Amino acid sequence: VQLQASGGGLVQAGASLRLSCAASGRTFSSYAVGWFRQAPGKEREFVSTIGWIGSITKYSDSVKGRFTISRDNAKNTVYLQMNSLKPEDTAVYYCATKPGPSDSRHYNYDYWGQGTLVTVSS
């Protein structure tokens, strides 16, 4: 299984970005996908997750109302639309997959992408 995260970049506070997570080598539609992030010197933290059907989504309190996760199983891709970005959103964003239901615990995910850097300037 390979996951390719993309879409990161340098933006100003208040801007938007859309991250993509493209998967290959797995029946993507049968797995939950999560987004996590890790800022320098900090632990990896949960951002959002989506179930295999796509109707069940979860968000961390810090991004709720600003970020939206979605998936296109036909394209084997999950998206993270990030609006109203803040400097504290600066981190490397990782996508990961797991069998079964969506989950906010990173240790339950078995395959990870390489990460994409998001930098939000004030």
Side-chain angles (χ1 to χ4, degrees):
V1 177
Q2 290 187 330
L3 299 177
Q4 180 73 39
S6 62
L10 171 63
V11 297
Q12 291 188 330
S16 298
L17 281 174
R18 189 177 78 159
L19 305 184
S20 298
C21 176
S24 61
R26 166 173 270 184
T27 306
F28 193 60
S29 59
S30 300
Y31 293 83
V33 176
W35 284 98
F36 298 83
R37 66 187 182 186
Q38 188 165 18
K42 295 187 177 181
E43 294 185 352
R44 188 166 299 189
E45 66 170 346
F46 166 73
V47 176
S48 181
T49 182
I50 187 167
W52 69 275
I53 296 177
S55 58
I56 299 176
T57 59
K58 299 178 184 178
Y59 300 91
S60 67
D61 289 342
S62 61
V63 307
K64 196 174 296 182
R66 300 187 297 122
F67 291 11
T68 302
I69 192 170
S70 61
R71 67 189 300 160
D72 184 339
N73 288 336
K75 295 183 178 180
N76 269 6
T77 302
V78 168
Y79 304 98
L80 184 68
Q81 178 67 42
M82 306 187 297
N83 298 329
S84 303
L85 283 162
K86 304 175 181 180
E88 51 264 43
D89 294 319
T90 295
V92 177
Y93 283 71
Y94 299 89
C95 61
T97 69
K98 65 177 296 291
S102 56
D103 196 317
S104 62
R105 294 164 292 186
H106 65 85
Y107 49 79
N108 285 333
Y109 287 76
D110 53 359
Y111 288 99
W112 290 78
Q114 85 290 356
T116 185
L117 177 62
V118 172
T119 304
V120 185
S121 63
S122 57

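As the structure is a computational prediction, the values presented were derived from the model and not from experiment.
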Next item on the list: Determine which pairs satisfy salt bridge (Lys or Arg N to Asp or Glu O under 4.0 Å) with at least one residue from residues 72-93, sequence neighbours left out, and list them in order.
Entry: R37-D89, R66-D89
Checklist line | Side chain to side chain, K58 and S102, heavy atoms closer than 4.5 Å | finding: yes
Item checked: Rounded distance [0.5 Å steps], OH in Y59 versus OG in S48 -> 4.5 Å
Check: Do R71 side-chain atoms and A32 backbone N/O form a donor-acceptor pair below 3.5 Å?
Finding: no
Notebook entry, point to check: Roughly how far, to the nearest 0.5 Å, is CD of Q38 from NE2 of H106?
Noted result: 9.0 Å
Next item on the list: Drop me the distance from T77's OG1 to L19's CG, to the nearest 0.5 angstrom.
Entry: 12.5 Å
Margin query: Just so I know, are the side chains of V78 and C95 near enough to count as touching, which here means a heavy-atom distance under 4.5 Å?
Written below: no
Margin query: Hydrophobic clusters here meaning ILVMFWY residues chained together by side-chain heavy-atom distances under 4.5 Å, can you tell me if W112 and V92 are in one?
Written below: yes
Item checked: Closest contact, heavy atoms only, D103 versus R105 -> OD1-N, 2.8 Å
Next item on the list: Nearest 0.5 Å please: distance from the CD atom of Q81 over to the CG atom of L17.
Entry: 8.5 Å
Next item on the list: Hey, could you give me the OG/CZ distance between S60 and F46, rounded to the nearest 0.5 Å?
Entry: 6.5 Å
Margin query: Rounded to the nearest 0.5 Å, what separates atom CZ in F67 from atom CG in N83?
Written below: 8.5 Å
Checklist line | Heavy-atom side-chain contact between M82 and W35 under 4.5 Å | finding: no
Notebook entry, point to check: Would L85 end up clustered with Y94 when hydrophobic side chains under 4.5 Å apart are linked, directly or stepwise?
Noted result: no
Margin query: Is the distance from the ring center of Y109 to that of F36 below 6.0 Å?
Written below: yes
Checklist line | Side chain proximity check, L80 to C21, heavy atoms < 4.5 angstrom | finding: no
Item checked: Residues which pass ring-ring contact (aromatic ring centres under 6.0 Å, His included) with Y79, listed by chain and number, not counting sequence neighbours -> none
Identify every side-chain donor-acceptor pair in residues 114-122 under 3.5 Å, counting partners at least two apart or on other chains, and give the distances.
| unit_1 | atom_1 | unit_2 | atom_2 | d |
| --- | --- | --- | --- | --- |
| Q114 | OE1 | A5 | N | 3.4 |
| Q114 | NE2 | A5 | O | 2.9 |
| T116 | OG1 | G8 | N | 3.0 |
| S121 | OG | V11 | O | 3.3 |

Next item on the list: Of all the heavy-atom pairs spanning D110 and K98, show the shortest one and how long it is.
Entry: OD1-CA, 3.7 Å
Margin query: Whether the side chain of T49 engages the backbone of V33 through a donor-acceptor N/O pair (distance < 3.5 Å, no angle test) should be reported.
Written below: yes
